[in-house]
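The basis for the numbers below is simple: all heavy atoms, side chains too, and nothing from hydrogens, waters or symmetry mates. Below, read A as the first sequence line, B as the second, and so on, with proteins coming before strands; counting in each chain starts at 1.
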There are 2 protein chains.
Amino acid sequence: MSARLPETESSECTRDRLLVAAREVFAESGFKGATVREICRRAGVNVAAVNYHFNGKEALFMAALELEPLENMIASSCGPDNAEVRLGRFIHEFMLRLMNGCCTPHSQLIMRELLEPSPALDSIAKEIMIPLHRHLTGLVREIVGDRVSDAEVRRHVFSLLGQCSYYRNTREMNRLMYPELAYDAQEIEATAKHITEFSLAGLKQAAGK
Amino acid sequence: MSARLPETESSECTRDRLLVAAREVFAESGFKGATVREICRRAGVNVAAVNYHFNGKEALFMAALELEPLENMIASSCGPDNAEVRLGRFIHEFMLRLMNGCCTPHSQLIMRELLEPSPALDSIAKEIMIPLHRHLTGLVREIVGDRVSDAEVRRHVFSLLGQCSYYRNTREMNRLMYPELAYDAQEIEATAKHITEFSLAGLKQAAGK
DNA sequence: GACTGTATCAAACGCTTGTTTGAAATTCAA
DNA sequence: TTGAATTTCAAACAAGCGTTTGATACAGTC
């Protein structure tokens with residue numbers, strides 16, 4: 001092979017390449033359907049590297065699920081604006097994360113984990129879903145006020161998340177059914193705008209009861 | 001073995017048991033993750049039966065996806081009532097199909113197919129998604145009127161479907177995050193009612209623009 | 001009763017899987 | 001320069017995979 005990096009850099013490089021490839025392959029095929037050989041093929045490393053660097057396929061899977069925390073996305077909906085404006089910004093940021101090409105393996109991996117849970121479900125709940133739900137519950141509560149029950153607030157939060165994640169989940173089917181429709185930045189913005197307006201109407205109606 | 005059925009009944013029995021087991025295993029693990037041996041174990045038949053009755057794993061998968069057509073569910077939203085009432089009945093019926101225990105393998109299989117498409121995506125589009133979209137597009141158009149663009153109508157349809165399918169897709173995560181929440185008939189009805197009201201608010205606002 | 005056709009079985013095949021192993025290459029420290 | 005440590009490699013292992021095969025059991029027909 002060519003001249004190697006310093007050992008720790010070489011090791012980090014191999015680990016990073018494995019993680020990137022692992023996210024792609026696990027996102028596409030799930031834990032069972034993904035193979036160590038396919039991951040290593042994409043990473044351009046030896047199959048033994050998985051056991052050497054990660055102690056096996058399952059540990060690699062858990063490491064691949066280590067996720068960027070939500071602070072950046074949640075930060076987009078903080079600030080002095082009223083709750084409706086902040087909700088709109090949040091939805092736009094969320095849709096960008098779900099639909100942008102560069103985020104595809106991550107968001108696909110999360111959606112798949114929701115549908116086909118692994119032992120990582122607990123940590124995904126703690127690191128992703130509970131903060132997300134808590135944040136959105138706060139926004140919804142700000143908009144609907146105190147007279148709406150917790151159960152109803154929860155349903156509103158689910159309605160918000162359901163609309164956004166639908167686009168991620170049905171991406172291939174939509175490509176088939178609407179071949180001319182491309183989710184570029186413009187279409188993502190229009191979609192986020194729709195989800196915001198559609199949802200605010202329902203939230204305001206709930207507030208007015 | 002014990003006394004056998006007449007040949008055609010024996011054959012139908014084996015095929016049916018394989019199909020039921022196949023739906024469960026494919027729904028849980030996907031095409032790649034599912035194994036012929038696991039399917040046959042659950043069906044209580046010999047592994048050779050898959051090739052004998054279905055000509056292989058892939059043909060079994062396609063047969064497992066053969067789906068009950070939507071006429072019954074679509075029929076629930078036909079009749080003399082106005083579109084809002086019919087939309088509500090449709091959503092309730094849809095939620096029952098998504099969340100009822102007896103429909104779990106079927107609806108889980110469809111959700112998984114959307115997220116992780118197989119070569120069956122085309123036929124699922126033709127038999128399930130296109131009729132569903134067309135039907136909902138008709139209902140939405142009746143409610144919002146003629147001044148709303150086709151693109152906006154499509155987004156409303158996606159919002160409706162997204163809210164409903166979210167419960168199916170996040171079932172395990174919700175069980176973890178809200179352990180006291182059981183989607184019995186009463187909770188399903190309350191959820192359908194929420195989705196209907198939440199959505200009608202958005203649809204009426206779109207109509208009023 | 002003999003023969004044919006169908007359905008099921010246990011076993012085996014060739015291939016792929018995740019993991020392990022000993023060797024080789026390279027980096028690092030003394 | 002030497003020895004230790006780390007990383008990477010090709011090859012092999014045992015297990016499991018989807019599929020095939022020949023045998024067996026039974027139903028149906030004449």
Side-chain angles (χ1 to χ4, degrees), chain A residues 1-65 109 116 118-120, chain B residues 1-65 109 116 118-120:
Chain A
M1 63 184 74
S2 59
R4 277 204 300 193
L5 296 168
E7 276 178 6
T8 53
E9 287 182 49
S10 171
S11 169
E12 288 305 314
C13 180
T14 305
R15 285 177 59 90
D16 288 347
R17 285 160 67 177
L18 277 170
L19 282 171
V20 170
R23 286 191 187 105
E24 290 176 12
V25 179
F26 286 133
E28 286 165 15
S29 306
F31 178 76
K32 284 182 177 174
T35 71
V36 172
R37 279 169 173 69
E38 177 58 26
I39 292 168
C40 292
R41 236 184 318 274
R42 290 202 201 184
V45 306
N46 190 267
V47 294
V50 170
N51 279 72
Y52 184 85
H53 289 280
F54 290 96
N55 209 26
K57 185 185 183 186
E58 189 169 329
L60 175 59
F61 179 68
M62 301 298 283
L65 281 171
L109 206 49
E116 177 189 355
S118 76
Chain B
M1 62 183 73
S2 59
R4 279 204 299 192
L5 296 167
E7 276 177 5
T8 54
E9 287 181 51
S10 170
S11 168
E12 287 307 315
C13 180
T14 304
R15 286 178 59 90
D16 288 346
R17 283 159 68 176
L18 276 171
L19 282 171
V20 169
R23 286 192 187 104
E24 290 176 12
V25 179
F26 286 132
E28 286 165 14
S29 306
F31 179 78
K32 284 181 177 176
T35 71
V36 172
R37 281 169 171 70
E38 177 58 27
I39 293 168
C40 292
R41 237 186 314 276
R42 291 203 200 183
V45 306
N46 190 267
V47 293
V50 169
N51 279 72
Y52 183 85
H53 288 281
F54 291 94
N55 209 26
K57 184 184 183 187
E58 189 168 330
L60 174 61
F61 179 67
M62 302 298 283
L65 281 172
L109 205 50
E116 178 190 354
S118 76

Once you round it to whole Å, what is the distance between [atom2] of [N] and [atom1] of [X]?
{"X": "B/R17", "N": "C/dT8", "atom1": "CZ", "atom2": "P", "value": "9 Å"}
{"X": "A/E12", "N": "C/dT27", "atom1": "CD", "atom2": "P", "value": "17 Å"}
{"X": "B/H53", "N": "D/dT20", "atom1": "NE2", "atom2": "P", "value": "15 Å"}
{"X": "B/F54", "N": "D/dT20", "atom1": "CZ", "atom2": "P", "value": "16 Å"}

side-chain hydrogen bond (donor to acceptor under 3.5 Å, both in side chains) contacts in which one or both residues fall within residues 31-44 of chain A, not counting sequence neighbours: A/E24-A/R42, A/E28-A/R42, A/K32-B/S29, A/E38-A/R41, A/E38-A/R42
Nearest heavy-atom neighbours spanning A/A64 and A/R23: O-NE, 2.8 Å
Please tabulate, one pair per line, all N/O donor-acceptor pairs under 3.5 Å involving side-chain atoms of residues 43-61 of chain A, not counting sequence neighbours.
unit_1	atom_1	unit_2	atom_2	d
A/N46	OD1	A/A48	N	3.0
A/K57	NZ	A/F31	O	2.9
A/K57	NZ	A/A34	O	2.7

Minimum side-chain heavy-atom gap B/F26-B/L65 below 4.5 Å: no
Side chain to side chain donor-acceptor pair (under 3.5 Å) partners of A/T14, counting only residues at least two apart: none
Residue pairs involving residues 10-19 of chain A (criterion salt bridge (Lys or Arg N to Asp or Glu O under 4.0 Å); sequence neighbours excluded): none
Base-contact (B) and sugar-phosphate-only (S) positions in nucleotides 10-20 of chain C, heavy-atom cut-off under 4.0 Å, - elsewhere: B-B----BBBB
